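Keep in mind that what you see is a predicted model, and the values were worked out from it rather than measured. Here is the naming used below: chain letters follow the sequence lines, and residue numbers restart at 1 for every chain.
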Amino acid sequence: MSVTTAERAALPHPTAEPSFLTSENTVSSWLLTRDHKRIALLFFASITFFFFIGGIAATLMRLNLATPGGLLQPAVYNRMFTMHGVIMVWFFLIPSIPATFGNFFIPLMIGARDLAFPRVNLLSWYVFNLSGLVVLYSLIMGGADTGWTFYPPLSTDYATGYVLAAALAVFINGFSSIMTSLNFVVTIHRLRAPGMTWMRLPLFVWGIYAVSVVMLTATPVLAMDTFLLAVERFLGIGLFDVHHGGDPLLWQHMFWFYSHPAVYIMILPAMGVVSELIPTFARRPVFGYAGMVLALMSIAILSFFVWAHHMFVAGISIYAGVVFSLMTFFVAVPSAIKVFNWTVSLHKGKIAFDAPMLYALGFVLLFTLGGVTGLMLATLSVDVHVHGTYFVIAHFHYIMVGATVSAYFGALHYWWPKITGRMYPESWARFAAILTYVGFNFTFFPQFILGYLGMPRRSYTYIPDWQSWNMLSSAGASILAVAYTLPLFYLAWSLFWGRKAPPNPWRATGLEWTTTSPPPKHNFPRTPVVTLGPYSYDPERDTFVSQEGTNYAE
Amino acid sequence: MYNWIPFWPDTAAINADAVNSLFVAELGLAGLIMVTVVGMMLAFCVRYRRGSDASRAGLVTKTWHFEIAWTTATLGAFLMLFVWGAEMYVWLFQSPRGDEEVYVVGKQWMWKVEHPGGQREIDALHVPVGKTIRVVMAAEDVIHSFFVPAFRIKHDVVPGTLETIWFKATKTGTFRLECTQYCGVQHATMQGEVVVMDGADYGRWLTQQGVHESLAQQGEQLFRAHGCSGCHGENSTVHAPSLVGLYGTSVHLQDGSVRVADEAYIRDCILNPRSFTVAGYPPIMPNFSGQLGEDEVLKIISYIKSLGTKQESVR
């Protein structure tokens, strides 16, 4: 980066103030911290732990499915997929990007010193860990055996596992979500730096804002659901049990009223991340900023009106099915707009293929494939065939793992220099990114085929005809396991031996890059004043303008 | 027609033929979208990589023309798929009056099948080819889902109600029957087969089952044993609605609503009579919930249906 003398003055100087990492070094300074950056790292540690616990369950499942007969006891397999679902959904995917990168970067990107409620933020982490302990209790005692959807009457009258503990964990976990999202909503409304108008917000902030609104509205319903489930299972009050005048479909309606928006809780922040990565590495403004914002918010709102598309064959009225199918096609439109805008955002750029960009491109491809198969599932009569099969498994893993986890790793690499002050090893990271993409497709593409052939989900055994596709999937899963574990090693290595990171290694425009790497405890030496929207890159003249209005030459 | 594709399931019913065409159209659209996105991405990534000296002049950062055109095009395509899929869904899930009827009870972890003639099977369903088969389903314990991949039909069987589904097989053979709703430890083994036979073979199979009583006759015995005939019988002095010719008619209830007397309605009336009191009759019928198993209820329903059109019970 060459900088003219006049501009050099605007670059942040290495200040005397120590970074947030080293300002205090006692254990209690971490465990009782109210610094959003430290809390983000605490969350990072917790969810990384759960990511690997959920991953171990997935590994056992794929190992079991490598042969038609299976290796595990049926009861063990059933508990594995239940715990895999519960842990991955509530203990990794939902908090993944918001609680870590959202927590760390929302204040930095809007020019604030911290979140609006730092103590609530810390409490959120403790509540999360409390729910984590409860889910670990459920797992260690033998696990629940209902599937992560807890459908009654199986979950209330028949399942023998630790269903109440798992449901209680989900119940408590919801409060952590609510606290974190409330914090984000208030922070984004109230603590933006002077000049940071709504239409100048980076798209990552918009993504987190959209998801926070959804979390805040939907999660209380989950709390009610799990509470009612406990009431029925524990006290025997008939809410879902037909023998006591209840209705099993009531659970499904209530559960999906939360859990469908939850799917968007998992993807909206990822969309925000990718909207940061693509302009930065393509060195050009994102295509259609206003359209992107509009799409994010309409997805957030429409996500509340599609829940019964999980129930097309469950016995709902035919006409309800028709309405929910139509709504589902509507929610696909903003997603299609986003894919189109990301792709066009490469046009006439100056594209660098650093690891975060590889993850972002992988995200777009996997999200698109997940999206087009989503269209098939939204089509009523096709859903009748593929519902409850591996086709659905493949579809939502393309969105929630292929897309969201790619974005998560993209964000991790992109912001790693800012968080730790060290550069990660680029070649290793690129290798891991490509390996993720290859391993992922090998794992999940065969599952589309298995599903269309009719292999039911949640089966510990299958007919021998399907073994080759299952073998392929299991082999792919072993590649994926390596690709997900690799960063653990080279990122840890980089903490000690990585190159020292400059304040703005990617020459990006956001406010988070105007402070030192890692940032000082209070983020900015003085409150930034924003004069411009994000992504002012000019690939023609090789210049870019930060959101504070400072010109830089590349 | 599509069996040359390595991942194409057997196609053995008119239901499956219809779904096939729609799925192929969707594969085409999906392919088009993927090719467009991947093609554009690859082209841009190569042409506008950092080292290339392609011109970057005239950068477009927004144009509503583009976005509106793209949105309209996708919305148009989506709506087409929606209409096509929805119309077929209504066709798939509105059961026609079948040529043949069969009763299925799902319980952990088996499918129990009963034919109107009284023939019973477990995890197997024998049907004639070329006939519209109407399947009336009940669940004994938890939710199950009746799925025949080769017919592309599936419906959950939820405890507490009856569901119906239909199909018309187009070729003989043996096809997989599955449960696709997780229903407990041995969910994976809750599988069976649908055997489609030609009419003559099917007739022979029915007679070889060694059955003496039809389902309706068995139902009639239960009808007497549980005292139903005391009130609903022809010579009863109790003021209870007659069940002759009930099936398929519209019934006016005390609360002002109107229900079509299908299998699910008759089941509701037996197990929860006070919620379905017929207009003009006193609410005096006792509750039979807990006294009858799902297959017994189905037998009684079969008997009540036979009271309507006498020739049906003979079949």
Under 4.5 Å from any heavy atom of chain B, what part of A/Thr328 do you find: side chain, backbone, both or neither? neither
Assess the pair A/Tyr460 and B/His187: is the distance between their ring centroids shorter than 6.0 Å? no
Any side-chain heavy atom of B/Thr71 within less than 4.5 Å of one from A/Val333? yes
What part of A/Tyr535 lies closer than 4.5 angstrom to a heavy atom of chain B: side chain, backbone, both or neither? neither
Contact origin within B/Asn272 toward chain A - heavy atom pairs under 4.5 Å: neither
Measuring heavy-atom distances to chain A, does B/Val158 have an atom under 4.5 Å in its side chain, in its backbone, in both, or in neither? side chain
Side-chain heavy-atom pair A/Phe353, B/Cys45 within 4.5 angstrom cut-off: yes
Please classify the contact between B/Phe147 and chain A as side chain, backbone, both or neither, with a heavy-atom cut-off of under 4.5 Å. side chain
Could you look at A/Tyr158 and say if it's the side chain, the backbone, both or neither that has a heavy atom under 4.5 Å from chain B? side chain
In Å and rounded to the nearest 0.5 Å, what is the CZ to OH distance from A/Arg284 to B/Tyr48? 10.0 Å
Within the 3.5 Å criterion, strictly below it, is a donor on A/Asp383 or B/Tyr89 matched to an acceptor on the partner's side chain? no
Heavy-atom cut-off 4.5 Å, strictly under: side chain, backbone, both or neither for B/Val60 against chain A? both
Partners passing side-chain hydrogen bond (donor to acceptor under 3.5 Å, both in side chains) against A/Tyr537 (at least two apart in sequence or in another chain): A/Thr280
Interchain contact, A/Thr343 with chain B, by part (heavy-atom threshold 4.5 Å): both
Please answer whether the main-chain N or O of A/Gly315 pairs with a side-chain N or O of B/Asp156 as donor and acceptor at a distance below 3.5 Å. no
Given 3.5 Å as the limit, does a donor-acceptor pair link the side chain of B/Trp70 with the main chain of A/Ala336, or not? yes
Under the criterion side chain to side chain contact (heavy atoms under 4.5 Å, CB included), which of B/Val83, B/Leu81, B/Leu79 is the partner of A/Phe329? B/Leu81
Cut-off 4.5 Å, heavy atoms of chain A, and the answer for B/Met88 is both
Engaged part of A/Phe330 at the chain B interface, taking heavy atoms whose separation is under 4.5 Å: side chain
Do the side chains of B/Leu59 and A/Pro285 get nearer than 4.5 Å, heavy atoms only? yes
Rounded to the nearest 0.5 Å, the OH atom of A/Tyr452 sits from the CG atom of B/Leu27 at a distance of 7.5 Å
Side chain, backbone, both or neither: which part of A/Val286 has a heavy atom under 4.5 Å from chain B? backbone
Under 4.5 Å to a heavy atom of chain A? For B/Arg47 that would be neither
Flag, side chain of B/Lys154 to backbone of A/Val313, donor-acceptor distance under 3.5 Å: no
Relative to chain A, which segment of B/Ser55 carries a heavy atom at a distance below 4.5 Å: side chain, backbone, both, or neither? backbone
Among A/Phe81, A/Tyr77, A/Phe150, A/Tyr151, which one satisfies ring-ring contact (aromatic ring centres under 6.0 Å, His included) with B/Tyr182? A/Phe81
Is A/Asp247 close to chain B through its backbone or its side chain, or both, or neither, when contacts mean heavy atoms under 4.5 Å? neither
Between B/Arg56 (side chain) and A/Gly349 (backbone), is there a donor-acceptor pair under 3.5 Å? yes
Measuring heavy-atom distances to chain B, does A/Pro152 have an atom under 4.5 Å in its side chain, in its backbone, in both, or in neither? backbone
Which atoms of A/Pro248 come close to chain B, meaning under 4.5 Å heavy atom to heavy atom: side chain ones, backbone ones, both, or neither? side chain
What part of A/Ala314 gets within 4.5 angstrom of chain B, counting heavy atoms only: side chain, backbone, both, or neither? both
Can you tell which part of A/Ile463 gets under 4.5 Å to a heavy atom of chain B, answering side chain, backbone, both or neither? side chain
